Amino acid sequence: MAVTLQQNIQKVMGYMNSGQFSAAAKAAKAAMRKFPAEANFANMVGMATAQGGNPRDAISYFSKALKMRPSDQDMQNNLIQALVMSDQHPKANELIDKLVPKRSDPSPLLQLRAISFVRRGMPHEAIQASSDVIKANPKMALAYTLRGISYTDLGQDADAVADFETAHKLAPNDPDPLANMGLPLSRMGRHDDAMLAVEKALAMRPNHANALHRYAVQLTESGRMPEAIAAYHRLLQVDPLHGEGFSELVKTQSAEENLKLMPALKSALAKVPKKAPAQVFLNLAMGNLLFQQKEHDKAAAYLKTSNKLEAPRRPYDLEAAIAEYEHIKALFPVGSDQPENSSHLDPRPIFVIGQPRSGTTLSEMILSAHASVESLGELPFVGRLASAALDTNTFDPAGFATEFREALPELPQGTTAFVDKMPANYRYVGFLLQAFPNAKIIHIDRDPRDVALSMWRVNFPSGWMNFSYDLKAMAENANLYRRYMAHWSEVYGDRILTMAYQDIVNDVEAASRKMAAFCDLEWQADMASPERNTATVRTASVVQVREGVHKKSLGGWRVMEHTLQPFIDGLDPALWPDLK
């Protein structure tokens with residue numbers, strides 16, 4: 001008895017609904033041969049292929065389906081989504097532009113445009129696109145989630161939480177808004193609320209990968225390492241191809257535990273399409289695992305692949321970075337006076353600056369081990385406020401200080417100072433010292449080659465860190481950093497304390513005493529044991545600071561000197577005369 005068209009459809013959908021995407025694709029391809037004029041089967045092959053993790057291969061099937069049914073809106077949306085998910089954004093947006101005028105309800109297309117901007121790390125554009133979706137259809141929960149993700153990227157945490165809460169109200173059975181809420185709530189100092197939101201998402205759907213991932217991250221940030229490791233293993237049971245899960249677990253586990261993880265990691269590397277975004281993290285995980293095993297040559301190949309895959313998605317604009325430097329330098333020339341309308345309010349800010357991975361987290365943990373000093377991590381406010389001032393070419397120190405303080409989380413009773421350890425604030429020292437005359441600036445200076453190796457082994461979500469995926473770009477940025485610090489030293493002199501990283505790790509007690517004296521703090525013994533600090537850590541250094549102060553990474557760049565040669569060659573000897 002011949003199997004009917006409808007029976008074939010039911011068979012394919014049965015596989016799809018049970019998550020058997022390979023079987024669904026195989027069944028749909030067989031049905032395509034039996035019913036070559038039926039567009040649904042080509043569309044189903046595309047859907048199964050895309051949901052199986054290979055949207056690039058799905059494109060040809062969606063295109064084939066559309067040739068048979070060119071006005072089918074679902075098939076149009078499927079093709080555009082596959083283009084977006086395979087990072088073919090120009091083609092996707094060209095189709096969106098073509099189809100929007102033809103739709104009575106363009107919101108699904110506008111939403112795909114917003115997803116495209118989110119994937120490209122373009123939060124301002126994503127916010128506008130998501131807002132367009134909401135204007136067209138205010139009931140589309142995903143649009144609020146996308147806008148919340150973009151607000152989170154920009155550090156507009158209150159706005160992000162508001163959007164996630166709206167998304168949750170519109171889609172109460174979707175755990176994603178609750179899971180996504182964890183990060184901005186945590187950054188606002190609402191750690192209990194952050195954990196509650198994620199736990200609620202997991203109670204709703206215990207095997208939800210996004211919620212499991214956020215749960216593992218929050219446990220790590222809180223220093224609950226055994227629980228975090230267990231959560232990562234649970235995540236990888238649910239999603240054996242979760243690149244970020246592998247990458248973060250490798251950094252969290254011991255070398256011995258990671259050896260046991262290697263077969264699963266090798267399997268994931270083989271199964272995930274070579275150009276899929278997950279390969280960035282899978283290669284990073286294998287590179288760091290091998291580095292941990294001291295197989296540095298093998299590690300170098302995986303790290304190179306990870307960064308090579310990420311670099312095209314994250315281009316570094318050197319011209320824009322230099323233009324910003326020249327603009328800031330002109331705004332705060334040598335001889336800049338302290339304005340009278342600056343903020344002298346308490347608690348006073350302590351800004352820890354330096355290159356990323358230079359020891360700013362360690363220094364923050366030293367300072368916030370003091371009973372009256374609060375750790376606030378990497379606050380995103382300074383960059384946003386400084387960018388607004390640069391756009392208008394006007395700087396109001398009092399207004400800057402007021403907006404900054406209004407964005408701060410609530411601080412515990414008795415706090416006399418708080419620490420913002422955003423490394424990138426080295427660009428904005430002039431803004432900070434003019435807005436906050438009682439601020440303390442501690443600059444951490446570390447061998448740029450050790451910094452480069454450390455950055456090469458990390459994937460940073462911040463768009464500002466795009467230089468870290470290319471060694472030559474990394475050197476250009478390091479040179480620019482050195483030029484910034486030379487200018488600030490000339491302008492502000494002893495208002496900035498420079499601490500050499502090697503001095504901190506060689507004698508943490510002496511270093512902590514020096515920091516305390518500079519910050520007008522009475523030294524406390526806990527400051528010499530930063531690993532015992534229970535403050536939440538939300539940076540790439542989260543695992544290292546729990547290990548205790550050590551000297552293992554000093555001069556560590558030499559084990560991968562050949563790999564780092566393009567960076568080393570790109571350093572300007574005039575700016576780095578002390579390197580040997």
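Remember, predicted model here, so these are calculated numbers, not experimental data.
In the model, T563 has no side-chain atom that pairs as donor or acceptor with a side-chain atom of K304 under 3.5 Å. For the residue pair R314/N466, the side-chain donor-acceptor check at 3.5 Å is satisfied. A donor and an acceptor atom, one from each side chain of H213 and E248, are located under 3.5 Å apart. Side-chain contact check for S358 and R446: no donor-acceptor pair (N or O, by modelled atom type) lies under 3.5 Å. There is a side-chain donor-acceptor pair under 3.5 Å between N393 and H327. At a cut-off of 3.5 Å, with distance as the only test, a side-chain donor of W523 or S512 sits close to an acceptor on the other residue. At a cut-off of 3.5 Å, with distance as the only test, a side-chain donor of S375 or E364 sits close to an acceptor on the other residue. Donor-acceptor pairing under 3.5 Å is recorded for the side chains of T392 and T394.
With sequence neighbours left out, E244 forms a salt bridge (Lys or Arg N to Asp or Glu O under 4.0 Å) with no residue at all. A search for side chain to side chain contact (heavy atoms under 4.5 Å, CB included) contacts involving A500 returns Q502, D503, not counting sequence neighbours. By the ring pair (Phe, Tyr, Trp, His ring centres under 6.0 Å) test, H487 is found to be paired with no residue, residues two or more places apart in sequence or in another chain being considered. Residues passing the salt bridge (Lys or Arg N to Asp or Glu O under 4.0 Å) test with R482 are D445, D578, sequence neighbours excluded. In this structure E561 satisfies the salt bridge (Lys or Arg N to Asp or Glu O under 4.0 Å) test with no other residue, sequence neighbours excluded. Here D572 pairs with nothing under the side-chain hydrogen bond (donor to acceptor under 3.5 Å, both in side chains) rule; sequence neighbours left out. Shown here are the ring pair (Phe, Tyr, Trp, His ring centres under 6.0 Å) partners of H233, two or more places apart in sequence or in another chain: there are none. Residues satisfying the ring pair (Phe, Tyr, Trp, His ring centres under 6.0 Å) test with F418, not counting sequence neighbours, are none. Here D192 pairs with nothing under the side-chain hydrogen bond (donor to acceptor under 3.5 Å, both in side chains) rule; sequence neighbours left out. Residues passing the salt bridge (Lys or Arg N to Asp or Glu O under 4.0 Å) test with D153: none are found, sequence neighbours excluded. Shown here are the ring pair (Phe, Tyr, Trp, His ring centres under 6.0 Å) partners of F117, two or more places apart in sequence or in another chain: there are none.
The 12-atom threshold is exceeded at CG of D317, counting heavy atoms of other residues, nucleotides or ligands nearer than 6.0 Å. Within 6.0 Å of atom CG in D494, 12 or fewer heavy atoms from other residues, nucleotides or ligands are found, so the atom counts as exposed in its surroundings.
Side-chain atoms of R313 come within 3.5 Å of backbone N or O of R119 as a donor-acceptor pair. Using modelled atom types, one side-chain atom of R495 and one backbone atom of P437 make a donor-acceptor pair closer than 3.5 Å. No side-chain donor-acceptor contact under 3.5 Å links S186 to the backbone of G182. In this structure, the side chain of D450 engages the main chain of G555 through a donor-acceptor pair within 3.5 Å.
Proximity of the aromatic rings of Y469 and F460 is defined here by a centroid distance below 6.0 angstrom, and this criterion is not met. Aromatic ring centroids of F332 and Y492 lie 6.0 Å or more apart. Side-chain rings of F246 and F281 stay apart, their centers remaining 6.0 Å or farther from each other.
Under a 4.0 Å N-O distance rule, the pair R187/E221 does not qualify as a salt bridge. With respect to D470 and K472, no salt bridge is recorded, no charged nitrogen being found less than 4.0 Å from a carboxylate O. Residues E509 and R513 are paired through a salt bridge, judged by an N-O separation under 4.0 Å between the basic side chain and the carboxylate.
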Checklist entry - So N506 and L554, side-chain contact (heavy atoms from CB on, under 4.5 Å) or not? Walk me through it. => result CA-CA 10 Å; N506 280 328; L554 292 178; 4.2 Å; yes
Checklist entry - So R483 and E326, salt bridge (Lys or Arg N to Asp or Glu O under 4.0 Å) or not? Walk me through it. => result CA-CA 10 Å; R483 290 167 66 188; E326 296 294 349; 3.5 Å; yes
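The side-chain tip of K440 does not point at the ring of F351 from less than 6.0 angstrom away and within 45° of straight on.
Sorted by first and then second residue, the pairs that involve residues 289-322 and meet ring pair (Phe, Tyr, Trp, His ring centres under 6.0 Å), not counting sequence neighbours, are F291-H296, Y316-F467.
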